[in-house]
Amino acid sequence: MQPYKRDVMKYNFNEIEAKWQKYWAENQTFKAVNNSEKPKYYVLDMFPYPSGAGLHVGHPLGYIASDIYARYKRHKGFNVLHPQGYDSFGLPAEQYAIQTGQHPAVTTAENIKTYRRQLDQIGFSFDWSREVRTSDPSYYKWTQWIFIQLFESWYNNETNKAEDISGLVSIFETEGNTKVNAVCDDGVELFSADEWQGFSPEKQQTILLQYRLTYLAETEVNWCPALGTVLANDEIVNGVSERGGHPVIRKKMTQWSMRISAYAERLLQGLDTIDWTDSLKESQRNWIGKSVGAQVEFPILPFSQGEEKAGTHTRAGYMTGGNNSHLLLERAKEMRANPTQAEAVLWEQLRNKNLGAKFRQQHLIGDYIVDFVCLKKRLIIEVDGKIHESQIEEDAKRTEILENDYYKVIRFTNEEVLGNIESVLENIKKELAERESIQSDLEASKLQQSEQVPPSGVRGMQVPLSGVRGISVFTTRPDTIFGVSFMTLAPEHELVPQITTPEQREAVDAYILATAKRSERDRMADVKTISGVFTGAYAEHPFTKAPIPIWIGDYVLAGYGTGAVMSVPCGDQRDYDFAKHFNIPIPNIFEGVDISEEAFADKEKTVIANSDFLNGMDYKKATKRVIYELEQLGQGEGKTNYRLRDAVFSRQRYWGEPFPVYYDDNGMPQMIDEKFLPLELPEVDKYLPTETGEPPLGNAKKWHWLQYGDKAEIVSKEEFENSSPLGRLGGALELNTMPGWAGSSQYFNRYMDPHNEDAIFSKDAIDYWQQVDLYIGGSEHATGHLLYARFWQKFMFDKGFVPYDEFAKKLINQGMILGTSAIVYRISGTNKYVSKGLKDSYDVEEIRVDVNMVNASDEINIEALKKWQPQFNDAEFILEAGHYIVGREVEKMSKRWFNVVNPDNICEQYGADSLRLYEMFLGPLEQYKPWNTAGITGVHNFLKKLWKLYHQGDNGAFYVTSSPPSEGLGEASREALKTLHKTIKKVEEDIENFSFNTSVSTFMIAVNELTAQKCISKEILEPLLILISPYAPHIAEELWNKLGHETSISTADFPKFDASHLVESSKNYPISFNGKMRFTLELPLDMSKDDIEKTVLENEKTKEQLQGREPKKVIVVPGKIVNIVG
RNA sequence: GCUGAAGUGGUGGAAUUGGUAGACACGUUGGACUUAAAAUCCAAUGGACAUUAGUCCGUGCGGGUUCAAGUCCCGCCUUCAGUACCA
């Protein structure tokens, strides 16, 4: 009998915890319903990637915090949604599959099993009935569905939201695209409604792709050869892959992209509406990188200054180009290769002297490329598309200049050429005949002249329509435009090869080659070396019209802004250093500022000088004015620039969501109809890229879409090709898969209605749960998941699917739990190891060993070490004081450092409640902190004391009496009530402030006090259990049950704080002298200020302190402190 | 460089609107119980001097405001995190 009784009394945590975990599972205690009388509250964790290593003690930290909050909210009367699932697509499972041939689905399922067991043993109150897995077809069906929604949408800047693509098509049909204000690709061609109607379906599709929110584009991507895949910017750290640290190179590939840039401003503005941590918001702001300034066009001068001064110029001849001829020639060549339809038709008639005269097409004259020219007769023929309607003025000017040069220009429209070629040819013949006589005159006089003088008017004119563009730059300091003394282009800038003069070509090419060779990493590491080279070309200042030398330099990044800057050395340190280095003038345009040593970059203190119409203005005024003036000139406009780029959405991987996309006979991407989703991942023999370099899905035998009406199947290439084309839809399916963030960008909404097969979630569900109230997770997702999820949520909001355009009202980042690695010191070249205190006398190498062999005093178990790895078998150990002491290093918990501590052992040894309490007790939630198992005995002892508090009967029997403590108002009872209500108040405040560590202390204090008071009253001990139950739910359930409750403690009402129990009649006043506390004095709280002063001054100890001095001043703060000055 | 956070005993960390610095816990030391160990319980524990009382110094450093500063202000230093030739 006796041993049995003893067992009952003991705090048998393993048994208790298993019992209640089973109870919760069987009774579905934490299952949330989608409607309730209670107010709703949604607590979410970032769902884990189920890695093969399982959980370590760091993983549950955030889950414990959110679980405490969720349980607390249930006590507070909320209908709480607290779901959990798995982000189960990902690279590690795929790499494991490559190594072992095991299907990732199999290993993933195994890993999930381990995770679930580990999570269950910690006692989380998750509603597992709502579990989602991103790799489950019933889940990724909806990821694919969202992709289709994005494809079917475009971003209308006028309404500032995403709209259905069909709306855009009807605009195109009625008025073309000239008035459409959309976020779209750069350089979309302009067309009228008529032209749209005339386009082929393929062309229409190509144009629409330039508007869709997800689009196919040839993009320069971060290609990681080692991983065989493309990486997003946030997957690259210091120029190498985040995973594995492999080198990353730039490569052009056709990829799906997400037009997240459309949402840049709203993603930025939205940050002000959500309660997320400042550091996280700051990261996102930084990532979006908004800068306000101006875009300025600098025309390129046709003649380089050097050549002009030398009095030379280009000879008129076969190609009579100006000094920009080398770049125009390329352009002309390109235009010849891609004639418009009208040009092609006309050329058929003009070529081979068909009209009796030799014509050339797309020929360079001066700085112009003309469509057709007969040089002998100086007759130019231009064929104009619609674009020229808006350029009548420029065309007139161009005609004037050319005609000054004795050319005759005749123009035809596309319609004339295509509709009535006969009459066009008649006109040309007529002109040719008329110009017969002029030709001979010219030969003698004018042509000679033109060889000596550059074509008049060419110098200094605006950018010609078909020739050189200017260089466009982005600047945040347009007010400093008069300080520009040179321009700098990124070496990769597309215009560099075109503008470089022949004299500079060699130097420029060498420089470009040298920069290309340097890795991104080298370039970033070596910021101080100034390098660059002059291109030989000049641009023209918009206002002063002065020539500005154009340089290239690697301090200008191709990927930001336009890849070109106007360099203002007096106002920007980098420009300043560059100018100093290359002896470029540094004009000073600031009033009263010395720039002899460094640039002056202080916007706020700027007063502009030496700047014509800007003189005397401050930064703001000058900026406004200069933008206005630039707009008048047509050479610039105010512009806001974002660093945020569109997100590449394709990955060359197997283990990810397949795109619901096939490519039709014309190679155009087509969406698979919603009703056929999900498009499931095909089986493949191997998970590596194919021999031809295609993604792993290229290995699938059947990966062609074949659809007739409502019937669709996935077939092999041969089967598809042999199928009847009549009424057939389909083609090769997309070989890429979606990136990791696809599945995590709407999972929080899917939890609201996870089994819905007809919709991503029902309207009722989303209307009830609305948005996440509290989201807890790591800050490492700041610019990845958390940005993309906000983007998709805004899109879902625009489309009317969700009621809020932010998915998480409040977000908290839990800090990371770090490992404390253990280090032994091997004497170099030997198999001897010295203890830490002796290592300085030797030449040693540090070797990390398993922390589980080391005790709290840093002493290692040598026997265990010898068995741990063969190299230690016969090693010799040099001890200090009989022990081998290891070194310690705090670093990330990782298998490679052997510093991983597993929660399974902790649960086994101390119990889940101890683990939960200890993780909270370690310190503030957001803080990074090292794991130190030694301290866990403290919280474990607390739980034992708590258990004891309820077992004060004979032989430790459960003993709680239901007679109220207030009865008789004994001293002990009043003290107990005070302890309880003090605790209620503090714990409630702590939970609301997510200060979980301090509430654990509060529990300890309460239990220590109640133990000292020998409290056995139910009125105290029952509410105390509810306070503790969010933190230590198992022991709370057990004691709750012992108190006679039939149901779970989880929905018991949180105790009400009653301030009346804390009312004190007296206060132990600290009495300080000159601010230093010397002694305390117990005084009634209702004592008046004057009486306090009197009493204190009369006190013996006060007299002792003053030693006869007269106090100068006595400060009395009733209820707080007394301070005597003197 | 910029942005954000933080520097408090041997350790993790408390400290409300400025009002008794070091709560709570670990560790350490001493003691009780025990043949012994574990467990448990009790006591001490910021430093220095004195050890009866007491005195002085103490929250990264240097100033300042105040009757009173870990807390507020100014100027630095260090650490961690994020970000970076962003024009």
Inset, instruction - Starting at atom CZ of Arg285(A), determine the distance to atom P of G82(B), rounded to an integer number of angstrom. - result: 19 Å
Inset, instruction - Specify the residue among Val1117(A) and Val939(A) whose closest nucleotide of RNA chain B lies further upstream toward the 5′ end. - result: Val1117(A)
Inset, instruction - Write down the partner of U83(B) under the Watson-Crick or G-U wobble criteria, each distance required to be under 3.5 Å. - result: G1(B)
Inset, instruction - Check the side chains of Tyr511(A) and Ser531(A) for a donor-acceptor pair under 3.5 angstrom, ignoring hydrogens and angles. - result: yes
Inset, instruction - Send over the distance from His940(A) NE2 to U40(B) C1', rounded to a whole Å. - result: 13 Å
Legend entry - Nearest-nucleotide 5' precedence on RNA chain B, Ser279(A) against Gly935(A): Ser279(A)
Legend entry - is_close_aromatic(Tyr910(A), Tyr918(A)), centroid dist under 6.0 Å: no
Inset, instruction - Please check the phosphate of G12(B) (OP1 and OP2 only) for any side-chain N or O of Lys929(A) closer than 4.0 Å. - result: no
Inset, instruction - Check whether any side-chain nitrogen or oxygen of Lys1112(A) sits under 4.0 Å from OP1 or OP2 of C67(B), and answer yes or no. - result: no
Inset, instruction - Both distances under 3.5 Å, Watson-Crick or G-U wobble: report the partner of G27(B), or none. - result: U45(B)
Inset, instruction - Measure from CG on Asp990(A) to C1' on A23(B) and round the result to the nearest Å. - result: 12 Å
Inset, instruction - Please work out whether the ring planes of Trp551(A) and Phe486(A) are parallel, tilted or perpendicular, with thresholds of 30° and 60°. - result: perpendicular
Inset, instruction - Give the nucleotide from the list A87(B), U20(B), G12(B) with an atom nearest to the side chain of Pro1070(A). - result: U20(B)
Inset, instruction - Side chain of Leu557(A) only, please: which of G82(B), A14(B), C86(B) is the nearest? - result: C86(B)
Inset, instruction - Pick the P atom in C24(B) and in A39(B), then give their distance to the nearest Å. - result: 22 Å
Inset, instruction - In whole angstrom, give me the gap between the C1' atoms of G70(B) and U20(B). - result: 14 Å
Legend entry - Flag for Thr1095(A)-Tyr1069(A): side-chain donor and acceptor within less than 3.5 Å: no
Inset, instruction - Answer with base, sugar-phosphate or nothing: what part of the nucleic acid does Asp575(A) contact at a heavy-atom distance below 4.0 Å? - result: nothing
Inset, instruction - Give one of base, sugar-phosphate or nothing for Pro924(A), where a contact means two heavy atoms less than 4.0 Å apart. - result: sugar-phosphate
Legend entry - Nearest-angstrom distance from the residue atom NZ of Lys986(A) to P of A23(B): 14 Å
Inset, instruction - Identify whether any heavy atom of Val1125(A) sits under 4.0 Å from a base atom; if not, whether one sits that close to sugar-phosphate; answer base, sugar-phosphate or nothing. - result: sugar-phosphate
Inset, instruction - Pick base, sugar-phosphate or nothing for Lys1120(A), based on heavy-atom distances below 4.0 Å to the nucleic acid. - result: base
Inset, instruction - Take the protein atom CG of Asn932(A) and the nucleotide atom P of A25(B), then report the distance between them rounded to whole Å. - result: 17 Å
Inset, instruction - Could you work out the separation of U16(B) and A6(B) based on their P atoms and round it to a whole Å? - result: 14 Å
Inset, instruction - Please work out if Asn941(A) contacts a base, only the sugar-phosphate, or nothing of the nucleic acid, heavy-atom cut-off 4.0 Å. - result: sugar-phosphate
Legend entry - Short side-chain to backbone donor-acceptor contact, Thr979(A) and Leu1010(A), under 3.5 Å: no
Legend entry - Euclidean distance for C1', C74(B) against C85(B) (whole angstrom): 32 Å
Legend entry - Asn997(A) side chain near A14(B) phosphate (N/O to OP1/OP2, under 4.0 Å): yes
Inset, instruction - For A25(B), take OP1 and OP2 only and decide whether either is under 4.0 Å from a side-chain N or O of Asn1008(A). - result: yes
Inset, instruction - Would you indicate, yes or no, if C80(B) has its OP1 or OP2 atom less than 4.0 angstrom from a side-chain nitrogen or oxygen of Tyr928(A)? - result: no
Inset, instruction - Determine the Euclidean distance between corresponding P atoms of A14(B) and G9(B); express it in Å to zero decimal places. - result: 14 Å
Inset, instruction - Tell me whether the centres of the aromatic rings in His541(A) and Phe482(A) are closer together than 6.0 Å. - result: yes
Inset, instruction - With syn defined as a glycosidic angle within 90° of 0 and anti as everything else, classify G4(B). - result: anti
Inset, instruction - Report yes if a side-chain nitrogen or oxygen of Arg643(A) is closer than 4.0 Å to either non-bridging phosphate oxygen (OP1 or OP2) of U83(B); otherwise report no. - result: no
Inset, instruction - Check if the side chain of Lys281(A) and the base of U3(B) share a donor-acceptor pair of N or O atoms closer than 3.5 Å. - result: no
Legend entry - P-based separation of U45(B) from U78(B) [nearest Å]: 37 Å
Legend entry - G12(B) and G82(B), which share atom name C1', separated by this distance in whole Å: 25 Å
Legend entry - Parallel, tilted or perpendicular: ring planes of Phe1003(A) versus Phe942(A), cut at 30 and 60 degrees: parallel
Legend entry - Residue matched to U65(B) through Watson-Crick or wobble contacts both under 3.5 angstrom: none
Legend entry - Selection from A87(B), U83(B), U3(B) that lies nearest to any side-chain heavy atom of Glu282(A): U3(B)
Inset, instruction - Would you tell me if any nitrogen or oxygen in the side chain of Arg1078(A) comes within less than 4.0 Å of OP1 or OP2 on U20(B)? - result: no
Inset, instruction - Pick base, sugar-phosphate or nothing for Asn1123(A), based on heavy-atom distances below 4.0 Å to the nucleic acid. - result: base
Inset, instruction - Write down the partner of C76(B) under the Watson-Crick or G-U wobble criteria, each distance required to be under 3.5 Å. - result: G60(B)
Inset, instruction - Could you tell me whether the side chain of Thr475(A) and the main chain of Arg477(A) form a donor-acceptor pair under 3.5 Å? - result: yes
Inset, instruction - Give a yes/no on whether any side-chain N or O of Gln927(A) is located under 4.0 angstrom from OP1 or OP2 of G13(B). - result: yes
Inset, instruction - Identify whether any heavy atom of Thr937(A) sits under 4.0 Å from a base atom; if not, whether one sits that close to sugar-phosphate; answer base, sugar-phosphate or nothing. - result: sugar-phosphate
Inset, instruction - For A15(B), give its Watson-Crick or G-U wobble partner with both distances under 3.5 Å, or none. - result: none
Inset, instruction - Looking at every strand, decide which applies to Ser1001(A) at a 4.0 Å heavy-atom threshold: base, sugar-phosphate, or nothing. - result: base
Inset, instruction - Figure out the CG/P separation between Asp278(A) and A5(B), and round it to whole Å. - result: 7 Å
Legend entry - Protein-nucleotide distance (Ile1121(A), atom CD1; U16(B), atom C1'), rounded to Å: 15 Å
Inset, instruction - Determine which nucleotide pairs with U20(B), using a 3.5 Å limit on both distances of a Watson-Crick or G-U wobble pair. - result: none
Inset, instruction - Provide the distance between the two C1' atoms, one in A69(B) and one in U8(B), to the nearest whole Å. - result: 14 Å
Inset, instruction - Measure the distance from OH on Tyr560(A) to C1' on U83(B) and round it to the nearest whole Å. - result: 14 Å
Legend entry - Check: Arg916(A) side chain, Ala1032(A) main-chain N or O, donor-acceptor pair, under 3.5 Å: no
Inset, instruction - Both distances under 3.5 Å, Watson-Crick or G-U wobble: report the partner of U35(B), or none. - result: none
